S.K.: 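Can you read through this structure? Questions will come right after.
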There are 2 protein chains.
Amino acid sequence: MLKIADELAKDSSVPAPVVNSATSADISSTPTALPTECPYQLSDEKVVYTGRWLSTKQVKFRTQSGNEGVWQFSNRTTRPEKSVVDGVDVLAVLKKSGKRYFILVRQWRIPMNGWCLEFPAGLIDENETVEEAALRELREETGYSAKLENIIHKTNGIQGLDPGLTSDSLQFVLIEVDGDAPENATPQQKLDHTEAIDVILVECDKAFEYLKSVENSIHIEAMVYSFVLGHQFSAKFSGR
Amino acid sequence: MLKIADELAKDSSVPAPVVNSATSADISSTPTALPTECPYQLSDEKVVYTGRWLSTKQVKFRTQSGNEGVWQFSNRTTRPEKSVVDGVDVLAVLKKSGKRYFILVRQWRIPMNGWCLEFPAGLIDENETVEEAALRELREETGYSAKLENIIHKTNGIQGLDPGLTSDSLQFVLIEVDGDAPENATPQQKLDHTEAIDVILVECDKAFEYLKSVENSIHIEAMVYSFVLGHQFSAKFSGR
């Protein structure tokens, strides 16, 4: 399923990753080919619980060297048949009066037993593209409107949220929202009748300081924190 | 539990967030106080499955306006008593021969039924600090050594991985690894007997192009992708 080495060999414009295997740690620009098949022999998969929203499974696994174990995980039961992912996360930047804000939401999460700071997000509906779901969730959860042409980037493939525990997955849609447009003068949320969501705007260049100031008072979603860390330390990563 | 407004009022050096409530969408630098109590009335919590690694629960909830529903979620059963989070994710930057690389790992994930590209990470052991767990996991999963003084940043609080589905949580530890140090000349992994992990080094400034080139061949963990998006679009977020 994975062909990093092959994939990259096809297209010389793509930067080659450096693969360190356990036995060879030389850094070179020629990636080592990695095995593509599943390294486990799986058996006895059992659904141990099925609910309206998720099902829990257990499977036995055996490594190539003969070690055995059991894996337990919980998957959503709601993914539309035609969709490769369960949901979408919206990385939205609001441009308003010359300033830039990340649009975040605060929401009580029962599994976390507390308030969480997250990206606007949601599950993909039947017969909906990821882009459509992103624009809809942004509008419903925050009141802000954007159009397809405001989408700066969309990821592809399957981004797992917690790959050791669940198949729950999403794609990211990065949207620039025009806060000076008339339709965004007085944004009005359209929440489901069980949702309680507050919109929190954070100036992009103050986002790291903001997260540090609230990290002990609200549960900051891992994706939000890693995104802001990527932004904050970008110059350092570039050696600047 | 949350006191964004109070928290910020205490320290005037902290940037104030802008809170848009559903009824007021004015942007101002004075945050609106948000309610802190749980907006749901919870009842009938039941453990519907308990396994060695996770337990699945179901709880009824009722909103303040009287709407009712059921929430199902799965939590890890392995969090040490003294730890506020389940695990740690290591954002490691390798500096070697004048270049900078993100240290990522490739791992087969049974819940995802495929190879995943992730940060080095792991569960926190009994009587271990988050920093110690980060250095240990980096060493075990990638072979690279670092010391406490190489830690550039550590987050606090509870970062939920998939807050609508699980309480599974972590903190991030950002580490600069000296790839030119003698102890990192020939990094050797020390994997658990059931782990199969490959180390993948990606030049920081080519990480976005790399992720785009492999996103359909490997499942890129959401946190990895959002981190790289934060890095890649940093100048745009800053209005540069």
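Letters A, B, ... are given to chains in the order of the sequence lines, protein chains preceding strands, and every chain is numbered from 1. From a predicted model like this one, the values you see are computed outputs, not experimental measurements.
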S.K.: Need one label for B:Q64: side chain, backbone, both or neither, based on atoms under 4.5 Å from any heavy atom in chain A.
M.R.: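 No part of it gets close to chain A.
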S.K.: What heavy-atom pair brings B:V199 and B:Q189 nearest, and what distance separates the two atoms?
M.R.: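 Result for this residue pair: CG2-NE2, 3.6 Å.
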S.K.: Check each atom of A:Q171 against the heavy atoms of chain B and say whether the ones under 4.5 Å are side chain, backbone, both or neither.
M.R.: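 For A:Q171, no heavy atom lies under 4.5 Å from chain B.
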S.K.: Quick check for you: among A:I103, A:V224, A:L54, which has the greatest number of heavy-atom pairs under 4.5 Å with chain B?
M.R.: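 Heavy-atom pairs under 4.5 Å are most numerous for A:L54.
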S.K.: Could you tell me which of B:D89, B:N156, B:T63 has the largest number of non-hydrogen atom pairs under 4.5 Å with chain A?
M.R.: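 Looking at each of B:D89, B:N156, B:T63 in turn, B:N156 comes out on top.
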S.K.: Under 4.5 Å heavy-atom distance to chain A, tell me which part of B:R52 shows up: side chain, backbone, both or neither.
M.R.: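 Looking at B:R52, backbone and side chain both touch chain A.
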S.K.: Heavy-atom pairs under 4.5 Å with chain B are the metric here; pick the option from A:E176, A:Q232, A:E195, A:K99 that has the most.
M.R.: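 Of the options given, most contacts go to A:E176.
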S.K.: Please state whether the side chain, the backbone, both or neither of B:I158 comes within less than 4.5 Å of a heavy atom of chain A.
M.R.: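 Contact with chain A is through both the backbone and side chain of B:I158.
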S.K.: If you count heavy-atom pairs under 4.5 Å between each of A:G164, A:C116, A:A196, A:G69 and chain B, which one has the most?
M.R.: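 Max contact count across the listed options: A:G164.
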S.K.: Tell me, for B:W53 versus chain A, whether the close heavy atoms (under 4.5 Å) come from the side chain, the backbone, both or neither.
M.R.: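 Both backbone and side chain of B:W53 come within 4.5 Å of chain A.
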S.K.: Nearest 0.5 Å, please: how far is CD in B:E141 from CZ in B:F119?
M.R.: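 It comes to 13.0 Å.
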S.K.: For chain A, which candidate among B:R100, B:M112, B:H153, B:Q72 shows the most heavy-atom pairs at distances under 4.5 Å?
M.R.: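 Top count of heavy-atom pairs under 4.5 Å with chain A: B:Q72.
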S.K.: Is it the side chain or the backbone of B:I152 that comes within 4.5 Å of chain A heavy atoms, both, or neither?
M.R.: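 It is the side chain, since no backbone atom gets that close.
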S.K.: Look at B:P111, B:G160, B:G230, B:A222 and state which one has the largest set of heavy-atom pairs under 4.5 Å with chain A.
M.R.: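 Among B:P111, B:G160, B:G230, B:A222, the one with the most close pairs to chain A is B:P111.
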S.K.: Any side-chain heavy atom of A:H231 within less than 4.5 Å of one from A:C204?
M.R.: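 SC-SC contact between A:H231 and A:C204 confirmed.
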S.K.: For A:S226 and B:S226, which I'm curious about, is there any donor-acceptor pair between the side chains at under 3.5 Å?
M.R.: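 The criterion, which ignores hydrogens and geometry beyond distance, is satisfied for B:S226 and A:S226.
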S.K.: Compute the ring centroids of A:F237 and B:F227, then answer whether they are less than 6.0 Å apart.
M.R.: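 Between A:F237 and B:F227, the centre distance is under 6.0 Å.
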S.K.: Of the backbone (N, CA, C, O) and the side chain (C-beta and beyond), which part of B:L174 lies under 4.5 Å from a heavy atom of chain A, both, or neither?
M.R.: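 Side chain of B:L174 only, per the 4.5 Å heavy-atom cut-off to chain A.
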S.K.: If we define contacts as heavy-atom pairs under 4.5 Å, which of A:V70, A:T56, A:T155, A:L91 has the most with chain B?
M.R.: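 Most heavy-atom pairs within the cutoff with chain B belong to A:T155.
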S.K.: Do B:K190 and B:E140 sit within salt-bridge range, that is, some charged N less than 4.0 Å from a carboxylate O?
M.R.: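 Salt bridge flag = no for B:E140 with B:K190.
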S.K.: Evaluate whether atom NZ of A:K154 has more than 12 neighbouring non-hydrogen atoms of other residues, nucleotides or ligands under 6.0 angstrom away.
M.R.: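 Counting neighbours around NZ of A:K154, more than 12 heavy atoms of other residues, nucleotides or ligands fall under 6.0 Å, so yes.
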S.K.: Under a 4.5 Å heavy-atom cutoff, which of B:N184, B:D205, B:N75 has the most pairs with chain A?
M.R.: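 The residue among B:N184, B:D205, B:N75 with the greatest pair count is B:D205.
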S.K.: Under 6.0 Å between ring centres: does that hold for A:Y49 and B:Y49?
M.R.: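 Here the rings of B:Y49 and A:Y49 have centres that are no less than 6.0 Å from each other.
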S.K.: Non-hydrogen atoms of chain B under 4.5 Å away: do they reach the side chain of A:L42, the backbone, both or neither?
M.R.: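 Answer is side chain: those atoms of A:L42 sit under 4.5 Å from chain B.
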S.K.: Any Lys/Arg nitrogen of A:K57 or A:E45 sitting under 4.0 Å from an Asp/Glu carboxylate oxygen of the other?
M.R.: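 Salt bridge between A:K57 and A:E45, a charged N being under 4.0 Å from a carboxylate O: yes.
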S.K.: Among B:K212, B:K236, B:Q107, B:K95, which residue has the highest count of heavy-atom pairs closer than 4.5 Å to chain A?
M.R.: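 When all of B:K212, B:K236, B:Q107, B:K95 are compared, B:K236 has the most.
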S.K.: Quick one, A:P39 and A:F61 - any side-chain contact, counting heavy atoms below 4.5 Å?
M.R.: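 Not touching, per the 4.5 Å side-chain cut-off.
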S.K.: Look at B:V59, B:L170, B:N67 and state which one has the largest set of heavy-atom pairs under 4.5 Å with chain A.
M.R.: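 It is B:N67.
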S.K.: Who among A:Q159, A:M223, A:E215 has the most heavy-atom pairs with chain B under 4.5 Å?
M.R.: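 Most pairs with chain B among the choices: A:E215.
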S.K.: Do we see a donor-acceptor contact under 3.5 Å between the side chains of A:S74 and A:T166?
M.R.: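 No - no donor-acceptor pair under 3.5 Å links their side chains.
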S.K.: Could you check whether any side-chain heavy atom of B:V202 comes within less than 4.5 Å of a side-chain heavy atom of B:Y101, counting everything from C-beta outward?
M.R.: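 With C-beta onward as the side chain, the pair stays apart.
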S.K.: Between A:G179, A:S169, A:S65, A:C38, which residue shows the highest count of heavy-atom pairs closer than 4.5 Å to chain B?
M.R.: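 Looking at each of A:G179, A:S169, A:S65, A:C38 in turn, A:C38 comes out on top.
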